[in-house]
Amino acid sequence: EGVFEVSLPTEQEDLIQALNKEVNFVEGVKVDLEVQKVPGKTITEIYWMCNGERITAKTPGYKITNKAKYNRLTIESTQEKDKGSCTCFAKGIGTEDSEEITISGEAGSVTLTPMKSTVSCTAGKKGCRVGCNYETNGPNVNQGNTKVCKIVNGKDT
């Protein structure tokens, strides 16, 4: 007579499948990492780890959506620190599985292209303007937070 514990060996079994193994972002955009749940498999626990940190529903900047067919981790506004990898871990009855997703990205940038290749101005007269086309690759970079330097005789001033 007595108290004893029985533990079943854990087997590696497909419980989840990553929608994408690699995700690329431009800084400031929202990114979704998603795993599909294998039909007919019972999942008792599912969670995410990103760059060594466990992500929960209370982790700022992240959102976790758990549905019958999938689990999704949303990074609300990607930053340089989000590069690396996130792994989704799933546990079932006597089984476990994980899917790693590699995350890469780049900083937002601005490209200014002159509308004209040559602009002639008269010294001492106002009204000489150089027009530029403005292009950006991210939502956090806009005309309001960019500065164009003055160029005199081909040199920055």
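Because the structure is predicted, anything quoted here is derived from the model rather than measured.
- Here salt bridge (Lys or Arg N to Asp or Glu O under 4.0 Å) pairs that include residues 61-78, with residues two or more places apart or in two chains, are Glu34-Arg72.
- Under the salt bridge (Lys or Arg N to Asp or Glu O under 4.0 Å) criterion, Lys83 pairs with Glu80, sequence neighbours left out.
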Given Thr74 and Val31, is the side-chain contact (heavy atoms from CB on, under 4.5 Å) satisfied, shown in steps?
CA-CA 6 Å; Thr74 301; Val31 170; over 6 Å; no
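- A 4.5 Å side-chain heavy-atom check between Ile101 and Val23 finds at least one atom pair inside the cut-off.
- For Lys58, the NZ atom counts as loosely surrounded, since its 6.0 Å shell holds 12 or fewer non-hydrogen atoms of other residues, nucleotides or ligands.
- The distance from the CD atom of Glu106 to the CD atom of Glu27 is 10.0 Å, given to the nearest 0.5 Å.
- In this view, Ser98 satisfies the side chain to side chain donor-acceptor pair (under 3.5 Å) rule with no residue, not counting sequence neighbours.
- At least one donor-acceptor pair under 3.5 Å links the side chain of Thr78 to the backbone N or O of Val29.
- Note that CD1 of Ile16 and CG of Asp97 are 5.0 Å apart. Values are rounded to the nearest 0.5 Å.
- With sequence neighbours left out, Tyr70 forms a ring-ring contact (aromatic ring centres under 6.0 Å, His included) with no residue at all.
- Grouping the Ile, Leu, Val, Met, Phe, Trp and Tyr side chains by contacts below 4.5 angstrom, directly or via other members, places Val35 apart from Tyr47.
- At least one side-chain heavy atom of Thr44 sits under 4.5 Å from a side-chain heavy atom of Ile93.
- Hydrophobic clustering, with ILVMFWY side chains joined whenever heavy atoms are under 4.5 angstrom apart, keeps Leu73 apart from Phe89.
- When each of Val38, Thr95, Leu15 is paired with Ile43, the side-chain contact (heavy atoms from CB on, under 4.5 Å) condition holds for Leu15 and for no other.
- Legend: residues meeting side-chain contact (heavy atoms from CB on, under 4.5 Å) with Glu100, ordered by chain and number and at least two apart, are Ser85, Thr87.
- Take Tyr62 and apply the ring-ring contact (aromatic ring centres under 6.0 Å, His included) test, not counting sequence neighbours, and it matches no residue.
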Give the intermediate values and the outcome of side-chain contact (heavy atoms from CB on, under 4.5 Å) for residues Leu33 and Trp48.
CA-CA 10 Å; Leu33 310 177; Trp48 290 88; 4.0 Å; yes
